[in-house]
Amino acid sequence: MNLIILIFIICFTLSLILATIAFWVPQFKPNTEKLSPYECGFDPLGSARLPFSLRFFLVAILFLLFDLEIALLLPLPWSNQLSSPTLTLAASLFIIILLTLGLIYEWMQGGLEWAE
């Protein structure tokens, strides 16, 4: 019981120290970019009907796709406890190969080129 209380005290103290450091260390030099409500590079006071580049959407979708890959492969270490871990390994390899082929296809089609 004393070990649990000690761990809670250490975690609380460390969190308090880190929060204090994070509050006091940054330099408070406001400029127009820091005071802007949007950080995406668009003028928030301009027209909302301006065309939006589809490259931003492509990068966002690719990020979500490969982030999802990590979530799908997360249970892989626990598959060693199953009676047949080869099935989990095969499914994981299938996911990795499928995503690699998709990435190669996007690359060959020029979808990853930011500037033309």
Side-chain angles (χ1 to χ4, degrees):
M1 188 69 171
N2 289 335
L3 182 62
I4 294 174
I5 293 173
L6 180 65
I7 290 174
F8 279 130
I9 290 172
I10 290 172
C11 289
F12 179 75
T13 307
L14 186 61
S15 300
L16 189 64
I17 290 170
L18 290 175
T20 306
I21 290 172
F23 181 74
W24 290 109
V25 166
Q27 297 175 355
F28 297 110
K29 294 180 182 177
N31 59 18
T32 57
E33 293 298 322
K34 287 183 182 178
L35 296 176
S36 174
Y38 299 102
E39 297 177 0
C40 60
F42 294 107
D43 183 19
L45 303 176
S47 174
R49 303 284 180 192
L50 294 175
F52 191 72
S53 175
L54 291 178
R55 302 273 182 200
F56 290 110
F57 289 116
L58 177 67
V59 170
I61 288 172
L62 286 175
F63 173 75
L64 289 175
L65 181 68
F66 286 102
D67 194 40
L68 181 64
E69 172 196 1
I70 293 171
L72 289 173
L73 295 176
L74 187 62
L76 185 61
W78 289 285
S79 69
N80 292 333
Q81 306 299 324
L82 298 175
S83 60
S84 174
T86 57
L87 180 63
T88 307
L89 181 64
S92 300
L93 285 176
F94 176 73
I95 291 171
I96 291 173
I97 290 171
L98 184 67
L99 287 173
T100 304
L101 291 175
L103 180 64
I104 291 170
Y105 176 76
E106 283 291 327
W107 197 341
M108 298 304 271
Q109 293 295 317
L112 299 177
E113 297 293 328
W114 190 257
E116 296 185 28

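For the side-chain contact (heavy atoms from CB on, under 4.5 Å) test with Leu99, the passing option among Ile96, Leu103, Ile95 is Ile95; the others fail. A side-chain contact (heavy atoms from CB on, under 4.5 Å) with Cys11 holds for exactly one of Ile9, Leu14, Ile7; it is Ile7.
Taken from CG in Leu18 to OG1 in Thr13, the straight-line distance is 11.0 Å, to the nearest 0.5 Å.
Partners of Leu101 according to the side chain to side chain contact (heavy atoms under 4.5 Å, CB included) rule, which considers only residues two or more places apart in sequence or in another chain, are Ile97.
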